[in-house]
Every structure is written in C-alpha cells, then in structure tokens.
Amino acid sequence: MSDKNKILKFLIQVIGWGLVFGFPLFFTWKEGNSMTWVKFLGFVGVPVAFITVFYTNYFIFIDRLLFRKRLLAFIIVNLFLFVLLSLCLHGWQEYYFIHFVNEGPRDSRPFPPRSVFIIRDGVMMALVAALSVAIRMTENWYILEQEKKELENARSEAELQNLKSQLNPHFLFNTLNNIYS
C-alpha cells in the first residue's frame, strides 16, 4: 500500500471516529441543552468500547482466527469481548450516575432493566465487529486482485519474451536463407 493510501486510510478513520465521538454534539445544540464535559463523560464509554471492538477485531482476531478458518473460535472470542465490554460499560454508567450526576444507583431510578442496556450494547458491538470484518475482507480482496493482476502481467510478459526468443532464430534463419539465395 502506498504512503498516499495509508494517509487517506488514516484520515478516513480519524474522521469516522471523530463523528462517533461528536455524535452527542449534533443533538444537544438543537434542543437548547449545553454539552458539558461531565455530560460528555457519560457518553464517551460507548465510543471507546466500539473502538476497542473494531481494532481488536481488525488487527488481531480477523487475522489470527477468521482468515485461518477458525470461525467458531472467532465467534466465541468476540462474544466474550462483547460481554466483557458491555459489563464494563454498565459499570462505568453506574459509576458515572452515582459520582458525576449525583443520582442514586440505577435501581432507584425509573429505567428499563439492566439487561436491556447490556443486550443493546452487545448488539451494537456485534455490528461494529461486522464492520471491521467487512473492511478487512474488502482490503484483502483488493490486495488479492492486485496480486492477481501483477501475476497476469508477469505471465503475459513471460509469454511475450518466449515468443520473441522463438521468433528471433527464425528471423535470423530466414534472413540468412534470403542472402544465400
């Protein structure tokens, strides 16, 4: 991959994650609510979990498990990662509401059960993992297509060189025959 493509890939990732982290800012200014750092801290755990899932899959799990045809291990490791991060997110939310927002534990507030949030976060992490798999497989497909094209060019070049080497003796022989006659 050329340096230009690497820089473009990096910029796309920075912009994408910047949008994910800036997502709450798009909605608060319309409602007239101001976004404070304390409110933003309550939100930041989710994008950090998404980044963890994306890059753990992108750099480790896909190469070591999925591309080596160990699909069951890939699914189990990802499920474990989703559960672990969902529980960490739940713990962070509890800590955030108790210490930063000064609300009591979630049990004393009128919210849906904890399992709803854990399942929601797990499903979203599964979608992020699927996105990382799609991107990685697309990149590998482009690399394989480029290698295939290079092999085809090398094969064509070898065939052309072979034809040239076959043609030269005949041309020389025919020229000598013409001179002789």
Side-chain angles (χ1 to χ4, degrees), residues 1 5-143:
M1 187 181 299
N5 287 343
K6 287 181 183 179
I7 291 171
L8 180 63
K9 183 176 161 183
F10 175 76
L11 286 175
I12 289 172
Q13 290 180 14
V14 167
I15 290 169
W17 290 119
L19 288 173
V20 170
F21 273 97
F23 194 68
L25 301 175
F26 295 121
F27 296 104
T28 56
W29 66 274
K30 289 182 180 179
E31 298 171 1
N33 297 333
S34 62
M35 176 58 77
T36 63
W37 284 106
V38 173
K39 287 182 183 178
F40 190 73
L41 276 177
F43 170 78
V44 79
V46 174
V48 168
F50 289 169
I51 286 174
T52 304
V53 167
F54 184 88
Y55 287 113
T56 303
N57 273 288
Y58 188 82
F59 289 118
I60 300 171
F61 296 160
I62 294 172
D63 285 338
R64 293 185 182 172
L65 299 174
L66 191 62
F67 286 163
R68 293 185 181 168
K69 301 184 191 289
R70 295 175 55 200
L71 182 62
L72 184 62
F74 177 76
I75 291 171
I76 290 170
V77 168
N78 267 302
L79 287 175
F80 177 74
L81 180 66
F82 302 159
V83 169
L84 179 70
L85 287 174
S86 293
L87 292 174
C88 288
L89 273 177
H90 175 70
W92 166 247
Q93 291 293 328
E94 285 295 321
Y95 181 82
Y96 169 77
F97 279 111
I98 292 171
H99 296 290
F100 288 100
V101 183
N102 295 325
E103 292 183 11
R106 187 168 280 175
D107 295 336
S108 65
R109 297 186 312 264
F111 276 107
R114 293 176 182 163
S115 60
V116 171
F117 294 107
I118 292 172
I119 291 171
R120 178 203 62 191
D121 293 337
V123 168
M124 292 301 292
M125 286 182 222
L127 292 173
V128 170
L131 177 66
S132 70
V133 168
I135 290 172
R136 187 64 170 201
M137 291 185 94
T138 302
E139 286 177 355
N140 278 4
W141 181 77
Y142 278 119
I143 290 169

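Numbers here simply count residues along the sequence, with the first being 1.
- Gln93 is not listed as a side-chain neighbour of Phe117, based on a closest heavy-atom distance of 4.5 Å or more.
- Separation of atoms CG (Asn78) and CD1 (Ile62) is listed at 8.5 Å; rounding is to 0.5 Å.
- Judged as a side chain to side chain donor-acceptor pair (under 3.5 Å), and not counting sequence neighbours, Tyr96 has no contacts.
- Checked against side chain to side chain contact (heavy atoms under 4.5 Å, CB included), Val77 has the following partners two or more places apart in sequence or in another chain: Phe61, Leu65.
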Only pairs under 3.5 Å count here: list side-chain donor-acceptor contacts from residues 11-18, not counting sequence neighbours, and write none if there are none.
from: Gln13; atom 1: OE1; to: Tyr55; atom 2: OH; distance (Å): 2.7
from: Trp17; atom 1: NE1; to: Tyr55; atom 2: OH; distance (Å): 3.0

With side chain to side chain contact (heavy atoms under 4.5 Å, CB included) as the criterion, how do Val48 and Phe21 come out once you've worked through the C-alpha distance, each side chain's angles and the decisive distance to 0.1 Å?
CA-CA 9 Å; Val48 168; Phe21 273 97; 4.0 Å; yes
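- In this structure, Leu79 and Phe82 have side chains that are in contact, with non-hydrogen atoms separated by less than 4.5 Å.
- Between the CG atom in Leu81 and the CD1 atom in Ile76 there is a gap of 14.0 Å [rounded to 0.5 Å].
- Between the CZ atom in Phe50 and the CE atom in Met125 there is a gap of 6.5 Å [rounded to 0.5 Å].
- Arg64 places none of its side-chain heavy atoms less than 4.5 Å from the side chain of Arg70.
- Taking 4.5 Å as the limit, some side-chain heavy atom of Phe40 sits within range of a side-chain heavy atom of Val44.
- Atoms CG and CH2, on Leu41 and Trp92 in that order, are 5.0 Å from each other to the nearest 0.5 Å.
- Closest approach of Gly122 and Ser86 over heavy atoms only: N-OG, 3.5 Å.
- Residues in residues 76-90 take part in no salt bridge (charged side-chain N to carboxylate O under 4.0 Å, His left out) pair, two or more places apart or across chains.
- The CD1 atom of Ile7 sits 10.0 Å away from atom CZ of Phe10, with the distance rounded to the nearest 0.5 Å.
- Looking at residues two or more places apart in sequence or on another chain, you find no side chain to side chain donor-acceptor pair (under 3.5 Å) involving Asp121.
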Donor-acceptor contacts, no H, no angles, side chain residues 128-138, under 3.5 Å, sequence neighbours left out:
from: Ser132; atom 1: OG; to: Ala129; atom 2: O; distance (Å): 2.7
from: Arg136; atom 1: NH2; to: Asp63; atom 2: OD1; distance (Å): 3.1
from: Arg136; atom 1: NH2; to: Asp63; atom 2: OD2; distance (Å): 2.6
from: Thr138; atom 1: OG1; to: Ala134; atom 2: O; distance (Å): 2.7

